[in-house]
Amino acid sequence: MRRVGHCLGWPLATGTMLLRALLLAFLLGWASGQESQHMTPEEKTVIRNQIVEMFDHAYGSYMKYAYPADELMPLSCRGRVRGLEPNRGDIDDSLGKFSLTLIDTLDTLVVLNKLDEFEEGVRKTLKDVRLDNDVVVSVFETNIRVLGGLLGAHVMADMLRQRGERMQWYENELLHMAKELGHRLLPAFNTTSGLPYPRVNLRYGVVNPLSRTGTESDTCTACAGTMILEFAALSRLSGEALFEEHARKALDVLWEKRQRGSDLVGTVINIHNGDWVRRDSGVGAGIDSYYEYLMKAYILLGDSVFLERFNIHYSAIMKYISQPPLLLNVHMHNPTVSVRTWMDSLLAFFPGLQVLRGDLKPAIETHEMLYQVTKQHKFLPEAFTTEFRVHWGQHPLRPEFAESTYYLYKATGDPYYLRVGQSIVEKLNAYARVPCGFAAVQDVRTGTHEDRMDSFFLAEMFKYLYLLFSEKSQLPFDIDDYIFTTEAHLLPVSLSTTQPPCQANATESVSVAHEEDLFTYSCPSAQTLFPNNPSFAKTIRDGYKYLTGVGRAFNSLPVREIELPLHDDGMEPVEFLKSMGISLTPLDQVALGETGEHKGVYRVKLVAEMSHAPEEEEVVPHIVQLISPPFLGRTVLTAGPAKFGMDLTKHEHGVKGSIMKASPYTACGPIENAEQLRGHIALALRGDCMFAGKARRLQEAGATGIIFIDHREGSNIEDSPLFQMVGDGEPTADVTLPLVFLFSREGALLTAALEEHHNVDVLLLPKERQLGHDKPEKPLGMNIKFRLAGEGGGAKGPTLEFVLEKGEMLLEEEEEEEEQDQELVGDATLQKNCEMASDDDETAVCDSSTPTPSPDSNGRANAHP
Ligand code: DMJ
């Protein structure tokens, strides 16, 4: 078993990380292109001052209208006192009548150099705060916000006292309070497993009949696994071993209970027997800070067992959950299965953690995706779909995105991240600021406010924003001597050299075989990793620039797209499996003998035989030609044909119509906008189910044609072989629509045109019959324009008219003096014999040696399975 020495704080941390970053940067060829987002020191100062002003407004409002209450109600301009306001359920479990927001804010005051206010805040805490209230609180929230807040404030107070300038009166009172609170939380750990109860009564503990708690059987993974930093710091600062021991034990249980096949953990666990209650696994809600604390426990305590565990989990995360730029929840026992199509905003912390791991590329990718979502919706909605639509529109001023932005800026020095930070600042002021503070957003779609300003807004958001715009020399202490807890409280990394006051470090070392890379045992670092080329990150970001603009989904690994267990009416998995030659029949549709009906249970049979494609069969390139103003035929997108549906080669003038996006965009479920779609050519995203299934649904909804758009990031006609779509193994004669396929870059042009002009008419036809293309001698650079014959009039120069449909439409070609837009796309088409039955079909047949279809009832090639 390989053991590693621990990192003695940040300054020693850069060695292998730097190497990794440089190697990565080299491989990505970042040398080209400089970011033009430069920000002058003056501009940074203006923004930093703006952040301080905002902090004053938020904290000042809390102190003026709410203190000593736990939280400010920024719309009512009063404090939220538990029991006096309508119960909001679990979120009220953070409120312990202990002036939560003040305690959570104390060390932020030091970071922002508000030392008078800090001193006053500490005095108030010592004078006013009681920790023995008869209130049931969340163990997790109380630990990260209050215990962490007290410890962070103690560390700051101690640091200021040692400098000899301030806090000379301070005698570790905050540490004493932290110890008292630690003891009040300890009863939660009185379970057979060692996993803590989720709630504790501050006065009566857990089992006491007066406690009103102790009947719970479950807790979340993050709830049990986010104790070690605070509890270990408390043990090491106070000399009482008990806290660290309990937190370690809880982590040991979670580690033991990981799924051994996937090395993932679930979201909810039974605190008595350690069984998993919810087996979905991601990096967001329910699990997030468990992973964060493994990495940070290693940094803070120097115990390599935490790093080893982290690395094993991290490999699993990168294998199953991370599909850059997405982070998707999977089933812990069956991790190739995605369990939902949306992401939660809590996972926005993850790029920051990846920076600590030194894994910058996926960090940059995911962060960029998140930034695009904030651009589209102003803030990160609590949950958003893989197509970046709002799933749950609330935004309680969460700091995770600012946190990751800060880490990425520290690691890259790329001023782009300052601009991202600036946009956070501006949006907070524009959309969350109210006369008495900052209010959570109830729904990012409407911008309505909620009467709520959570304490983490002051504990975390302002720290990360202020630090983002500050030079190290402008801070009152060396920030790199500290590590942030999950609530952004500061703990000194010097604790790593403090011996634990016990034998607790006996935590078993990991003995699981694990794939190592050069960086697995490197020390984390938040130092700038490549000071000489801050534009490194740009090359990575550039691929994700138009994510939300074209509403693509990123389901690069098809097998992850099936949600299991199969529903008896869930056709997508059934269709997908069909593409692999497997047919499923619900058991209630077949003779079952004595077993009768079993919902969701399928009989599996192999239905398809592979056959070889005719060697010479060619893919006939088609086109989508934009013909309505202002395009007037100049924009021509090369498209792939389909082996089923209308044969456009037999329709001399092609098919024209105005385009309309299908909803759902993948057309894998019932079509929701049939009324708008009727009579239009539908745009549908490739993915999730078979082309044939999509086509049938859209045809039934009244569409007159379909343009499928690839969902694979950056695919384009120049780099990808054109292929023809094939059916699903069933007869496809019922599909009579024309169908064409665009790669994502060409598709993006089309969707952008639709967004801008709302009414876009296109013509679908084989490329060889492209209007105006029958004059090869005409130089490509000429101004060629097709227009409706009836409009404009007075055309200059020679004109040529085309009749498209009898008596319906005329186009004319004319030479004009205006500059031609660079809209002729993709003439050089790499043509191979390729066929695909769905987007998921990465085994597309692209040469004659691979299996392909037999004839179907259309007389053309049938789908390969
Ligand atoms: C904070 O209380 C902590 O960061 C926690 O780990 C989860 N997120 C909230 C703020 O969103």
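Because the structure is a prediction, the values reported are computed rather than measured. Each ligand, and each atom within it, is numbered from 1 in the order the structure gives.
We find the CG-NE2 distance between Asp107 and His154 to be 12.5 Å, quoted to the nearest 0.5 Å.
Annotation: Tyr431, atom OH; neighbour count of heavy atoms from other residues, nucleotides and ligands within 6.0 Å does not exceed 12.
Among all protein heavy atoms, the one lying closest to atom 10 (C) of ligand 1 is Glu400 OE2, 3.3 Å. Counting only heavy atoms of the protein, atom 2 (O) of ligand 1 lies nearest to Glu487 OE1, 2.6 Å. For atom 4 (O) of ligand 1, the closest heavy atom belonging to the protein is Thr486 O, 2.8 Å.
Contact record, Ala250 with Phe189: CB-CE2, 4.4 Å, taken as the closest heavy-atom pair. Of all heavy-atom pairs between Leu229 and Leu491, the closest is O-CD1, 3.7 Å.
Less than 4.0 angstrom separates some heavy atom of Leu346 from each of these atoms of ligand 1: 7 (C), 8 (N), 11 (O). In summary, the atoms of ligand 1 found under 4.0 Å from a heavy atom of Ile144, numbered by their order in the structure, are 2 (O), 3 (C), 5 (C). Of all atoms in ligand 1, numbered sequentially from 1 with element shown, those under 4.0 Å from a heavy atom of Glu460 are 1 (C), 2 (O), 3 (C), 4 (O), 10 (C). Atoms of ligand 1 lying under 4.0 Å from at least one heavy atom of Pro399, given by number and element, are 10 (C), 11 (O).
A cation-pi arrangement, defined by a distance under 6.0 Å to the six-membered ring centre and an angle within 45 degrees of its axis, is present between Arg340 and Trp342.
Polar contact check, Glu141 against ligand 1: no nitrogen or oxygen pair lies under 3.5 Å apart.
Taking the ring centroids of Tyr417 and Tyr406, they lie at or beyond the 6.0 Å cut-off.
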